[in-house]
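Structure first, commentary second.
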There are 2 protein chains.
Amino acid sequence: MNAEELLSQAKESCKKRGARFTLAREQVFKLLTRHSGAVGAYDLLDELKLIDPAAKPATIYRALDFLNKQGFVHKIESLNSFVMCHHFSECNHPVQLLICDTCGHVEEIQSSNLDLALRSMADATGFTISHQIVEAHGACQTCS
Amino acid sequence: MNAEELLSQAKESCKKRGARFTLAREQVFKLLTRHSGAVGAYDLLDELKLIDPAAKPATIYRALDFLNKQGFVHKIESLNSFVMCHHFSECNHPVQLLICDTCGHVEEIQSSNLDLALRSMADATGFTISHQIVEAHGACQTCS
DNA sequence: CGAGTAATGTTATAAAGTAAACGCTGAAAA
DNA sequence: TTTTCAGCGTTTACTTTATAACATTACTCG
């Protein structure tokens, strides 16, 4: 899906939910669509400063926080960085990422088997999952 | 498994592998066995300073790095913290954690279905996994 | 022993993330 | 229309997490 489609889809979502897709949020959203891999908050901040020299860490983190809550962006815990989600229309899907350590590309997969396996194991021990993190590091097809 | 058993097992492992289980590493290991949940590096550092007032961040991070490489300790990426592994005799097992956000307890599970589901999904896209992170947050049996 | 490697000590700093106080703004109610 | 107020943004300062660089010490093996 291309950048414009994503953007209009995001605007649509926000309108439906009564969430405000403000300028700051849109700018960060757009910056994120330019990357196919993980981007650090401070890298993003540097990019944002080119447009808005007054931007500060809080600017980025607030925007990322919002975009994350809306499901537009995922945080990659193992890299302390962020990645655009290309499936945010499917609400609240579990996040499963394949991260290439060579080229940096991040592929989001959707395996219900994986989700099921985790849930059933949790159930078996009486654990209730509220949020799951699945991140696989390695080499993508073109890099291996 | 109790603290002494873990400790002797760790010493054993190191001897076999020709790795040096030095004093600093043993001290950090022991501190970790006292916790049933995640511990931050700097919390651990504060504890270590009671024994060794000269300890510095590098002291802890080096010890953690070693213990992690030996498989004695896992890093919890989503909490930037660390947890003792109770199954390190089973070498190189994939790490799958259930993290209770209420009481802080961390349970390590072993689901080969989960591992399989992830690997097969990766295979399908030509991705080779070198390291995987699976962390589920939520509420444990006693807290829910 | 002595050479080479592994570990530690020490200092400084980078990178990532948060807090708190305050100001602005624009849409809804009076 | 004007008031009001919640949400958003700005700013400053700070905390937490992690690493780099380089000197020194300790261990191991020939």
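Reminder, nothing fancy here: chain letters follow the sequence lines and each chain counts from 1.
Residues from residues 43-52 of chain A lying near DNA chain C, meaning a heavy-atom separation below 4.0 Å, are absent.
The pair K69(B)-D65(B) meets the salt-bridge criterion, with a side-chain N (NZ, NE, NH1 or NH2) lying under 4.0 Å from an Asp/Glu carboxylate O. Electrostatic pairing of K30(B) and E26(B) counts as a salt bridge here, judged by a charged N lying under 4.0 Å from a carboxylate O.
Using a 4.0 Å heavy-atom distance criterion, A58(B) is classed as a base contact.
A donor and an acceptor atom, one from each side chain of H105(A) and E107(A), are located under 3.5 Å apart.
Judged by distance alone, the side chain of N68(A) and the main-chain N or O of V73(A) form a donor-acceptor pair under 3.5 Å. The backbone N or O of A117(A) sits nowhere less than 3.5 Å from a side-chain atom of N113(B) that would complete a donor-acceptor pair.
Residue N80(A) places its side chain closer to dA16(C) than to any other of dA6(C), dT18(C), dA16(C).
The CD atom of Q96(B) sits 8.0 Å away from atom CG of L118(A), with the distance rounded to the nearest 0.5 Å.
Note on ring orientation: taking the six-membered ring where Trp is involved, the planes of H93(B) and H87(B) are perpendicular (angle over 60°, cut-offs 30° and 60°). The aromatic rings of F29(A) and F21(A) sit perpendicular to each other, their planes meeting at more than 60°, with 30° as the lower class boundary.
Applying the 6.0 Å contact sphere to CD of E5(A) captures more than 12 heavy atoms from other residues, nucleotides or ligands.
Map P57(B) and K56(A) each onto its nearest nucleotide of DNA chain D; the residue landing nearer the 5' end is K56(A).
Residue I60(B) contributes atom CD1, which lies 15 Å from atom P of dT10(C) at whole-angstrom precision. The interatomic distance linking Y61(A) (OH) with dA16(C) (P) rounds to 7 Å, in whole Å. To the nearest angstrom, C1' of dA7(C) lies 16 Å from CD of E26(B). Between N68(A) atom CG and dG17(C) atom P there is a gap of 12 Å when expressed in whole angstrom units. Computed from coordinates, the R20(B) CZ to dT8(C) P distance equals 7 Å when rounded to whole Å. Atom C1' of nucleotide dT8(C) and atom CD of Q27(B) are separated by 12 Å, given to the nearest angstrom.
Once you apply a 4.0 Å limit to the heavy atoms of chain A, the touched nucleotides of DNA chain D run 5' to 3' over dG7(D) to dT12(D).
Below the 3.5 angstrom threshold, one finds no donor paired with an acceptor across the side chain of R62(A) and the base of dG17(C).
At dG17(C), one or more side-chain N or O atoms of K75(A) fall inside 4.0 Å of OP1 or OP2 (strictly under the cut-off).
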